[in-house]
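Order of listing sets the numbers, starting from 1, for every ligand and every atom in it.
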Amino acid sequence: MTEPQTAPAIKREWETYRRLLGYARPYTGRIVSGIIFGVIFGGSTTGVLMALRKTLTGVFEPDKFSLGAIIAIAALLPVFGLARGLGDYFSTYLLEWVGNRVVLDLRMALFRHLQDLSISFYGTSRTGDLISRTTNDTQLITSSVSSVLSDLAKQPFTLIGMIGVLLYLDWKLAFISLVLFPICIIPVATFGRKVRRSSREGQEQMADVVGILEENVTGARIVKAFGMEPHEIRRFYERCRLVFSRAMRVTRARASVEPVIVLISLVGFALILLYARWRHMSFAEFFTFGAALVAMYEPVKKLSKIHLSIQQSSAAADRIFDLLDQPVQVRERTGARPLTGQVARITFDGVTFSYGDKPVLRGIGFEARRGACVALVGGSGAGKSTLVSLLPRFYDVTEGRILINGTDIRDFTIESLRKQIGLVTQETILFNDTAANNIAYGAPDADRSAIENAARRANAHDFIVAMPEGYDTAIGERGNRLSGGQRQRLAIARALLRDAPILILDEATSALDTESERLVQDALNTLMTGRTVFAIAHRLSTIQNSDLILVLENGLIVERGTHRELLTQGGAYKRLYDLQFRSDEPRVG
Ligand code: ADP
């Protein structure tokens with residue numbers, strides 16, 4: 001079962017850890033202070049032992065020292081004790097501070113990077129996996145970085161001090177005792193490998209568990225509708241069981257280490273007792289020697305566990321760095337300038353795009369003037385959503401250019417470009433916050449009257465004030481407490497408040513009742529007025545007034561023109577129109 005640790009594996013592990021420690025560099029001052037307190041800790045522990053030996057000699061062999069001398073030496077004990085305590089406290093505090101701070105920085109770096117990653121990254125990642133990396137993995141690192149740092153600062157000095165005391169008291173016995181310690185380390189190393197393997201597996205298994213949980217929370221309706229609860233419970237149980245048995249493997253390995261060490265130590269202690277009798281050691285000497293040995297136990301234990309800690313955290317760190325190293329595909333060009341002034345003209349110039357090998361859009365070319373409405377029509381998978389997601393640079397074109405006022409959008413800063421664009425999509429993502437804050441998302445400076453005004457224009461005001469706390473009602477994650485039409489009107493209010501000159505509209509496919517549809521359509525009309533609109537239309541009835549209709553098929557524009565022109569042409573658009581007209585409103589007679 002044990003996996004021999006190869007030299008390259010150790011090297012890689014160390015490199016990961018070094019990179020991790022790189023995050024501690026800004027806090028060098030604290031680390032150095034922590035180490036100084038560590039030296040004070042180790043030094044005073046040694047001092048305590050030496051003072052103890054003298055005091056014991058004075059107490060149990062009174063003829064060797066005067067009473068005054070004994071009192072003076074005894075008084076040293078609390079002084080050393082105080083120094084040791086302060087050293088302990090401050091070195092632990094300072095270094096654990098650094099450890100926790102590193103994790104804070106790492107978490108933020110991760111989250112910032114997630115914000116920078118393009119939409120395509122999210123298309124290929126599992127939510128549960130991402131969540132587990134930002135929470136579990138960073139947590140694992142916290143304990144490891146802080147405990148490793150604080151142990152490295154304190155324990156070596158104590159160990160050196162104790163070895164010094166042992167050698168000073170009886171170097172032969174010291175050598176014999178010191179041989180015993182490496183023997184104790186052998187079981188630690190063996191079990192370490194098990195822990196390392198299991199811990200790596202554990203992280204992956206935990207990500208699986210979170211993944212299932214996430215799927216079940218977001219897909220609760222489907223699970224219930226299909227009566228799959230028992231199946232999901234079984235699936236979840238199987239994964240959790242794996243986590244459980246893995247945890248028990250780690251526990252077995254961990255729990256075995258200490259008993260083995262204690263057993264070996266007791267054997268050693270018995271031998272030392274015999275040796276002491278044979279050498280006629282004084283009580284003070286023997287006691288101090290024993291105390292030094294006992295005091296050595298903790299540093300040896302902690303230092304030998306450092307490698308375990310590093311192993312454990314380097315697995316987690318590996319996964320975090322993996323994510324941090326994901327390239328950011330949509331990047332800002334150096335020298336990009338802000339997009340300011342009016343957006344007079346948007347041009348798609350020979351745009352080709354592919355997610356992988358196969359192009360999804362080919363040779364797309366058209367122009368939209370200020371205030372125009374461009375409608376995209378076509379079957380599912382034709383490339384409509386892809387086309388509109390190129391404009392805010394969710395993806396970058398593979399070939400060709402998109403121009404605003406004649407300038408490639410890649411020459412504008414991403415922030416200023418996106419500021420010009422409002423987005424109302426099918427999935428009206430609402431955050432777990434109040435209605436007012438949801439509307440003001442993306443416009444944090446908006447005051448309440450502006451928010452209400454937007455809501456009124458979006459036909460959302462009435463249903464918002466009818467909720468228990470009006471604008472301050474929390475509307476729940478993903479807006480579960482709202483109807484489809486209400487969600488859409490909130491999203492429209494959000495876009496109205498943002499008031500961007502370009503609007504991307506991915507009209508909802510979900511069927512709304514007539515009343516709701518009228519309210520939504522009304523709100524949309526208000527929103528579209530005076531903006532350059534790119535609308536993905538599912539119901540052709542809504543786009544008859546568009547200035548330009550593009551009919552997409554397999555990533556190609558197969559027809560273009562106004563509603564009237566296209567109907568007269570009698571091509572693909574006419575066929576789509578007839579099809580919808582017939583199914584939407586069955587003709588009588
Ligand atoms: P529409 O909006 O017209 O339904 P899309 O733009 O969503 O079409 O999709 C166009 C094509 O691109 C489809 O074949 C779809 O499978 C593919 N596609 C869409 N999104 C992705 C993605 N993130 N990764 C890979 N392929 C994708």
More than 12 non-hydrogen atoms from neighbouring residues, nucleotides or ligands closer than 6.0 Å to [atom1] on [X], yes or no?
X	atom1	answer
Arg333	CZ	yes
Gln115	CD	yes
Glu367	CD	yes

Closest to atom 22 (C) of ligand 1 among Tyr355, Phe394, Phe353 (heavy-atom distance)
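When every heavy atom of Tyr355, Phe394, Phe353 is considered, Tyr355 comes closest to atom 22 (C) of ligand 1.
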Given Asp506, Leu376, Ile536, Thr386, identify the one with the heavy atom nearest to atom 6 (O) of ligand 1.
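Of the listed residues, Thr386 has the closest heavy atom.
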Number the atoms of ligand 1 from 1 as they appear, then name those within less than 4.0 Å of a heavy atom of [X], with their elements.
X	value
Ser380	4 (O)
Gly379	3 (O)
Tyr395	23 (N)

Which residue, Ile364, Asp396, Thr386, forms the side-chain contact (heavy atoms from CB on, under 4.5 Å) with Phe353?
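For Phe353, the side-chain contact (heavy atoms from CB on, under 4.5 Å) test succeeds with only one of Ile364, Asp396, Thr386, which is Thr386.
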Sole candidate of Asp462, Leu524, Ile464, Val520 that passes side-chain contact (heavy atoms from CB on, under 4.5 Å) when paired with Arg489
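Checked Asp462, Leu524, Ile464, Val520 against Arg489; only one passes side-chain contact (heavy atoms from CB on, under 4.5 Å): Val520.
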Considering both backbone and side-chain atoms of Leu387, is one of its nitrogen or oxygen atoms within less than 3.5 Å of a nitrogen or oxygen in ligand 1?
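No, no N or O pair falls under 3.5 Å.
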If you measure every N/O of Ala382 against every N/O of ligand 1, is any gap under 3.5 Å?
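Ala382 vs ligand 1: N/O contact under 3.5 Å present.
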Quick check on Gly555 - does any of its heavy atoms sit under 4.0 Å from an atom of ligand 1?
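In this structure, Gly555 fails to qualify as a contact of ligand 1 - no heavy atom is under 4.0 Å.
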Charged tip of Arg19 within 45° of Phe321 ring normal and under 6.0 Å
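Yes - Arg19 lies over the ring of Phe321, closer than 6.0 Å to its centre and within 45° of its axis.
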